[in-house]
Amino acid sequence: MLKFAKILIIALMLVGCAEPMVPDPDPKPEPNKEELFKDPQGKSIASPVDIPYVYVNPIDIINLGGELTPELEIRGLKNKVIENKINQEISDKIDGLKSYRNSENLPPYRGIYTRIPAENIALNYNVYSYVTYNFNNVLSIVFTGYYTFNLKGSSEHVTVTDSLNYDLTTGKQLTVSDLLTNDANTKQALSDPLSIIIKKSMDSTDVLVWDRYPIDLVAPFKGIKGNQAFYLTNSGINFIFDYRNPEFNSQFQTIQLSVNFSKLVPNIAFTERFRSDQNIYEQPIRQAEFLDLSENMTREKDETVIYRSIEIYISEFISADVPQFYLDKLPKLLPLIQEMIDENVDTFDFENAYGNINADIIGEYLSLSMYYSIYTDPIIYRELSITYDAEGEVLTLEDLFVEGFYYRDVLWAQLLDTYPGYSSYDKETILDSANFTLYHSGINFSLKIPSEDNPSGSINFYVPYSIFGMENLTLFGYE
Amino acid sequence: MKKYLILFVLFLLLGCQKTVVQPTFTMETYPRIDGSTVTIPLSEAICAKLTGQTIEQVRPYILHTKTHSAYVNLIDKKTDLIFVTYPSVDELKYAQDSGVELEIVPIVSEAFVFLTHKNNPVESLTLKQIQDIYSGTITNWKDVGGPDLPIVAFQRPINSGSQTGFLDLVMKGLTPMTPPTEWVVADMGMLIEAVATYENQPDALGYSYYYFVVDMWGNENIRLMKVDNVYPDNSTIASKQYPIVTSYYAVFRKSEAADSSVRKVVDWILSDAGQQLAEDSGYVKVR
């Protein structure tokens with residue numbers, strides 16, 4: 001009996017007092033189908049992708065709202081069914097953002113109902129929409145709403161950002177799966193640079209966090225989702241993190257993180273995926289630009305040197321993609337500035353001098369520019385610009401334009417349009433002095449225009465490629 | 001025989017009291033909750049479970065105002081239950097001065113982990129070696145069985161949460177060396193990045209809390225260091241085999257009635273079902 005009791009108690013201890021069955025915890029939820037990565041749309045694109053330049057979609061972007069609160073509509077697609085569909089979705093998106101002025105409709109930001117109860121109407125709100133990318137049959141639009149709720153004397157601010165990205169050939173919206181080549185691991189290729197940004201930025205100001213709120217994670221970042229919100233710019237992909245990414249503690253705001261195209265080359269596919277042999281527009285395609293594909297300012301340097309009691313400040317903005325070979329061709333900046341100081345220190349009274357070097361890759365071209373000055377009155381400065389083509393040959397201004405195109409007439413007309421007072425100057429003398437620097441969407445010209453006050457005077461002015469027309473520019477493959 | 005019968009009855013009466021029935025709430029009856037950032041996913045999961053809703057449905061109703069603010073709100077009776085790290089001396093004093101006695105219940109485990117490059121041949125350090133490294137006594141990996149390379153021992157800023165944990169849980173009163181400026185990394189994530197990429201050499205050592213390291217995207221170049229030959233994982237942290245462990249706590253006013261909503265929630269968190277939910281939410285069970 002004793003033995004039985006012992007066994008009974010031991011058995012009870014082992015089995016009987018195990019915690020009684022409670023309802024099983026929920027099984028792990030099935031992955032949300034919307035968050036899965038879809039198959040890429042459009043043409044199959046394999047790496048490496050070369051993107052020398054992109055064509056501007058010839059659509060009109062109409063502002064139906066005021067100047068301060070633009071509301072967009074597009075016009076110019078041949079297929080009006082697609083055009084109407086896109087415009088309806090843009091309109092719906094704007095209406096959705098406007099509806100957030102009523103707190104009942106606000107997006108489910110974490111904790112928002114504890115601060116802004118239902119049945120509150122925003123004291124102020126503004127909704128904006130902008131086209132951020134419009135090339136090679138892809139259109140990207142960003143929408144932003146700002147709302148201020150007044151609650152018993154205190155105010156709560158809410159920001160909502162959303163986007164629409166279109167393949168204009170079909171009117172279908174893009175997903176992140178469409179962005180990179182079919183042979184790329186899209187989730188990894190896009191999440192890796194984001195992860196680095198997130199890790200570096202949690203307390204740092206040295207990152208692109210547009211809403212100025214530090215990134216506050218409540219859980220580890222496990223990569224982007226298949227339905228991750230994003231929009232395109234001419235330099236990268238901007239990802240929107242908000243209530244749809246609950247690992248981010250975005251408060252009642254959005255966190256936007258940009259992955260530069262330089263991190264994604266040669267897997268960028270959206271520029272080629274939706275291109276078509278057919279012109280889908282009512283107007284011919286007449287404009288082209290360069291995307292910003294180069295590594296940004298990774299060799300940025302600031303330096304201050306004292307020479308003959310003059311403080312010389314030197315800055316360098318050099319893309320990491322620029323080979324040292326070309327930088328070595330530039331004259332050394334400091335001796336040039338010192339020489340300028342030597343020439344003028346006994347004549348003028350000045351305390352500071354400045355110099356900078358810029359170097360960037362523009363399409364297949366390499367653009368170097370150097371500027372240095374002493375802070376006299378008027379400022380005395382010199383500048384130098386050199387552009388190399390893909391073969392390493394220096395480009396002249398004439399080389400930029402197709403034979404037979406009277407670029408000087410266009411340039412002079414643009415100059416007078418900007419500076420009518422120069423009409424009395426000799427056109428040919430001024431244009432002969434032209435120095436130029438390529439940028440992604442246009443050319444900056446430097447022209448010597450001496451005056452009695454400033455014999456070494458010059459001006460800079462910028463002309464978009466569209467003014468010349470892409471068919472007149474060798475940069476875009478025309479001869 | 002009588003002795004065994006008494007034992008048997010006592011066991012029936014007392015031994016099986018761990019029965020925890022899952023309480024149910026509406027959003028109106030659910031206790032007012034606050035807490036730290038790191039416990040937000042746990043808080044949302046618990047609320048969803050006990051109100052019969054999805055996490056997405058309850059998320060707009062859960063607001064954690066961070067650790068110190070949560071303690072102040074609890075002591076000021078503006079909230080009823082907070083999920084936080086252990087109170088600081090200042091917070092305990094504020095409670096005492098306010099005449100509020102706090103009940104502090106560990107609900108999930110957390111560990112302090114050391115990170116190194118995946119190619120670092122040193123797999124384990126003792127706690128003493130870690131203390132010696134960070135106090136500047138050991139400066140070369142060869143002194144802990146590794147290659148002849150200086151140890152790049154990263155630290156975080158003094159007022160950061162990880163540094164507080166580092167001083168309390170690891171250094172335990174020892175004074176860490178003053179690191180070169182570039183080795184003081186501004187944030188937890190940046191620290192991970194620095195260890196992963198530092199000249200691509202396996203000579204770096206950093207630290208963080210386990211929760212943020214274990215599933216973070218992009219940590220494929222990181223390896224967690226064994227401490228006293230124990231690798232930190234859910235099992236060794238829950239069992240406290242891994243030596244540098246702490247907890248996240250449910251904290252509430254001791255004056256809460258025995259049958260209060262607050263105590264029902266805390267009791268349920270400590271049940272098997274509650275602990276399983278915590279683990280499913282990315283945390284380590286407390287038992």
>> Need one label for B/I40: side chain, backbone, both or neither, based on atoms under 4.5 Å from any heavy atom in chain A.
In response: side chain

> Side chain, backbone, both or neither: which part of B/Q57 has a non-hydrogen atom closer than 4.5 Å to chain A?
Replying inline: neither

> Side chain, backbone, both or neither: which part of A/Q188 has a heavy atom under 4.5 Å from chain B?
Replying inline: both

>> So for A/Y109, is it side chain, backbone, both, or neither that comes closer than 4.5 Å to the heavy atoms of chain B?
In response: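 Backbone of A/Y109 only, per the 4.5 Å heavy-atom cut-off to chain B.
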
>> Quick check on A/K263: does its NZ atom have over 12 non-hydrogen neighbours (other residues, nucleotides or ligands) under 6.0 Å away?
In response: no

>> Could you measure the distance from the OG1 atom of A/T114 to the CG atom of B/D34? Nearest 0.5 Å is fine.
In response: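 Between atom OG1 of A/T114 and atom CG of B/D34 there are 9.0 Å.
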
>> Strictly less than 4.5 Å between heavy atoms, which residues of residues 65-74 of chain B line up against chain A? Please order them by number.
In response: B/T65, B/K66

> If you take all heavy atoms of A/R110 and B/L63, which pair is closest and at what distance?
Replying inline: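 Taking every non-hydrogen atom into account, O-CD1, 4.0 Å.
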
> Hey, which of A/P107, A/S191, A/P108, A/G223 has the most heavy atom pairs under 4.5 Å with chain B?
Replying inline: A/S191

